[in-house]
Structures are given as structure tokens and as C-alpha cells.
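Taking it in order: structure first as C-alpha cells, then the write-up.
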Amino acid sequence: MKKFLLLSLLSFFILNQPLHAQENSKKKATEAADYNPLFVPFDLLIFRPLGLAATVAGTAIFVAMSPITALSSIAPPHDAFERVADVFIVVPATYTFLRPMGKVLCPGDCRPEDIK
């Protein structure tokens, strides 16, 4: 019985390795497709400053819209401030400060939990 259990575990691990290798190669291929070394100078000189400007402008718009947001947050689900801050501040700040250099687009919706 021990030999059968040992043999079945050993065959499982040996046969399971090619599946993990294929999965890792697919992940590396998609990660390599996202990174573009020619995009790095444009990212550094154009897109990061534009992202910083969008973050500052979004913060100003958020502060200006706070009274309207307060009125809209009276009705349930009471999450208007979080949603407005997410759109105007969090997304541009994540694109500017958390996105890796040379990545053209953020994964997902460019939320902090999407960046890895």
C-alpha cells in the first residue's frame, strides 16, 4: 500500500510539472508584451508629468465638487465620496506613481490593488 501511494504521488508530481511550466511561460509572455523599452522615455517625459497634472487637477475638482458630493451621499449607499475620490484622485495617482516604468497601460482599471 505504501508503495502504491508513493508511486502515485511521484507520478502525479512528475506529470504535473509540464502544466506549471506552460502556465508560467504564458504569464511571462503577457508580462513581456506589456513592457515596451521604447515607451520608457515617453513615459518619463510626457505621461508621468501628465499623470501628475491630472492628479492635481482631479484633487482640485474633487475639492470643488465636495458640496455636491455631500448632497448626493445623503441617499443610500452613502459611498459618493469614495466613488468620486476614486475616479478623480486614486486612478490618476495610481497611473502616475504606482505603474511600473515602461508599462503602456495599467492592468485592470488602474486601481492600487491591480498593480503587482
NZ/NE/NH1/NH2 to OD/OE distance under 4.0 Å, Lys103 and Asp43: no
Leu38 to Pro41 - nearest heavy-atom pair and separation: O-CD, 3.5 Å
Near-ring test Tyr95/Phe47, centroid separation under 6.0 angstrom: no
Pairwise side chain to side chain donor-acceptor pair (under 3.5 Å) hits with a residue in residues 52-80, at least two apart: none
Hphob cluster co-occupancy, Phe39 + Leu50, side-chain heavy atoms under 4.5 angstrom: yes
Heavy-atom pair of closest approach, residues Leu45 and Pro49: O-CG, 3.6 Å
Considering all heavy atoms, the nearest Arg99-Arg48 contact: O-NH2, 2.7 Å
Val56 reachable from Phe62 in the ILVMFWY side-chain graph, under 4.5 Å edges: no
Cluster check Val91, Val87: I/L/V/M/F/W/Y, side chain < 4.5 angstrom: no
Phe42 atom CZ, neighbour heavy-atom count above 12 within 6.0 Å: no
Within one Ile-Leu-Val-Met-Phe-Trp-Tyr cluster: Ile89 and Met65, side-chain cutoff 4.5 Å: yes
